[in-house]
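Worth saying up front: this structure is predicted, and the values here are computed from it rather than measured.
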Amino acid sequence: MPYFLLFMKNKTKEIIIYGFIILVIILIRTFIITPIRVNGTSMDTTLQDKEIMILNKINYKLNDIERFDIVVIKKDDSYLIKRIIGLPGETLKYVDDKLYINDKEIKEYFKNQSTQDFDIIELGYDKIPNDCYFAIGDNRKDSLDSRIFGCFKKEDILGSANLVLLPLNNFGYKK
């Protein structure tokens, strides 16, 4: 076999292998995980501005969204990283810096600052609508969240975000 044909045969195999690797990476980023950057201080002290995290896109296709999960929400042309506080069908209010779900006090272990009194009724709901979630930032005084935007639809929640990659000194799982 002439050298040129042998060379082309080897290059074709190489191109197919690289093409397959690129396809796998695209599929993983599209459907399973992708990096995402924390923008702002709304999740201080749990998450820091400019940290790079992994967005797990498949988690909520296999599991239910749970109270206190850290999630990524698509809002218009931006992405919000917030904590789920209220689930579909629940009543929710803050009184004297305490969270009440269905009139039962729920302890929060992660918030940065006190939470002003708030009732979901202020948003026009008597309870969180079906297929919707109430999400707020841990840094309550510096967070645009469900208290402003209202409840977020499940379809707008892109996935969970618990693993910080960068900077390396913050590397690890966040809850």
Side-chain angles (χ1 to χ4, degrees), residues 22 24-88 90 92-94 97-99 101 106-120 122-125 128-129 131-175:
I22 290 169
V24 168
I25 290 170
I26 289 170
L27 290 173
I28 288 171
R29 281 198 56 155
T30 302
F31 297 108
I32 301 175
I33 61 172
T34 193
I36 190 158
R37 171 175 266 163
V38 176
N39 288 317
T41 60
S42 73
M43 285 297 291
D44 275 357
T45 60
T46 306
L47 304 174
Q48 305 301 311
D49 186 32
K50 299 195 180 7
E51 284 181 331
I52 304 294
M53 303 183 73
I54 292 292
L55 165 59
N56 181 341
K57 296 179 179 183
I58 200 164
N59 186 25
Y60 296 136
K61 294 184 185 352
L62 304 173
N63 303 298
D64 292 334
I65 298 171
E66 296 181 11
R67 185 177 336 281
F68 303 143
D69 283 356
I70 298 172
V71 299
V72 177
I73 303 164
K74 179 134 174 59
K75 175 72 175 134
D76 301 323
D77 291 332
S78 62
Y79 299 96
L80 308 174
I81 300 177
K82 304 294 177 192
R83 188 178 298 276
I84 297 294
I85 300 297
L87 305 174
E90 295 180 333
L92 181 144
K93 63 184 171 184
Y94 281 93
D97 198 31
K98 295 177 183 162
L99 170 63
I101 300 289
I106 305 292
K107 298 286 184 195
E108 296 179 284
Y109 56 89
F110 42 76
K111 67 183 183 175
N112 179 343
Q113 299 174 348
S114 63
T115 308
Q116 290 183 333
D117 287 358
F118 174 84
D119 194 315
I120 195 142
E122 296 171 29
L123 295 173
Y125 308 118
I128 298 170
D131 223 26
C132 290
Y133 296 84
F134 191 89
I136 60 179
D138 291 356
N139 185 1
R140 304 296 164 81
K141 289 185 179 178
D142 189 25
S143 180
L144 298 175
D145 49 42
S146 285
R147 296 170 295 172
I148 306 293
F149 301 125
C151 295
F152 295 104
K153 294 181 180 181
K154 184 176 183 177
E155 66 196 39
D156 295 329
I157 298 174
L158 302 179
S160 61
N162 296 95
L163 180 62
V164 173
L165 295 178
L166 296 171
L168 290 176
N169 62 324
N170 291 348
F171 179 84
Y173 184 78
K174 303 292 179 165
K175 191 70 179 152

Could Lys111 and Asp97 be called an ion pair, given the rule that one side-chain N must be under 4.0 Å from one carboxylate O?
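Result for this pair is yes, salt bridge flagged.
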For the side chain of [X] and the backbone of [Y], is there at least one donor-acceptor N/O pair under 3.5 Å apart?
X: Lys74; Y: Asp76; value: yes
X: Ser143; Y: Asn139; value: no
X: Asp145; Y: Arg147; value: yes

Flag the pair [X] / [Y] as yes when at least one side-chain heavy-atom distance between them is below 4.5 Å, and no otherwise.
X: Leu99; Y: Ile85; result: yes
X: Arg37; Y: Ile52; result: yes
X: Arg140; Y: Glu108; result: yes
X: Leu80; Y: Ser42; result: no
X: Lys154; Y: Cys132; result: no
X: Met43; Y: Asp138; result: yes
X: Ile106; Y: Phe68; result: yes
X: Leu55; Y: Tyr79; result: no

Identify the two heavy atoms, one from [X] and one from [Y], that lie closest to each other, and give their separation to 0.1 Å.
X: Lys175; Y: Ile70; value: C-CD1, 4.3 Å
X: Ala161; Y: Val72; value: CB-CG2, 3.8 Å
X: Lys141; Y: Ser114; value: CE-OG, 4.4 Å
X: Gly86; Y: Ile101; value: CA-CD1, 4.5 Å
X: Ser146; Y: Cys151; value: OG-CA, 4.0 Å
X: Gly137; Y: Lys82; value: N-CD, 3.8 Å

Is the number of heavy atoms from other residues, nucleotides or ligands under 6.0 Å of Glu122 CD greater than 12?
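Yes, because the 6.0 Å sphere around CD of Glu122 holds more than 12 heavy atoms from other groups.
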Neighbour count above 12 (heavy atom, 6.0 Å) for Phe110 CZ:
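Yes, because the 6.0 Å sphere around CZ of Phe110 holds more than 12 heavy atoms from other groups.
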Restricting to side-chain contact (heavy atoms from CB on, under 4.5 Å), what partner residues turn up for Asn56, sequence neighbours left out?
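In terms of side-chain contact (heavy atoms from CB on, under 4.5 Å), with neighbours along the sequence ignored, Asn56 is linked to Ile58, Asn59, Ser160.
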For Leu87, enumerate each residue passing the side-chain contact (heavy atoms from CB on, under 4.5 Å) test, keeping only those at least two apart in sequence or located in another chain.
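Listed in chain order: Arg67, Ile84, Glu90, Tyr133.
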For a side chain to side chain contact (heavy atoms under 4.5 Å, CB included) check, start with the C-alpha distance between Asp44 and Asp142, then their side-chain angles and the critical distance, and finish with the verdict.
CA-CA 9 Å; Asp44 275 357; Asp142 189 25; over 6 Å; no
Can you name the one residue among Leu47, Leu165, Thr34 that meets side-chain contact (heavy atoms from CB on, under 4.5 Å) with Met53?
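Single side-chain contact (heavy atoms from CB on, under 4.5 Å) partner of Met53 among Leu47, Leu165, Thr34: Leu47.
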With Asp156 via side-chain hydrogen bond (donor to acceptor under 3.5 Å, both in side chains) - residues at least two apart
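None.
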Is NZ or CZ of Lys93 both nearer than 6.0 Å to the six-membered ring centre of Phe118 and within 45° of the ring axis?
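No.
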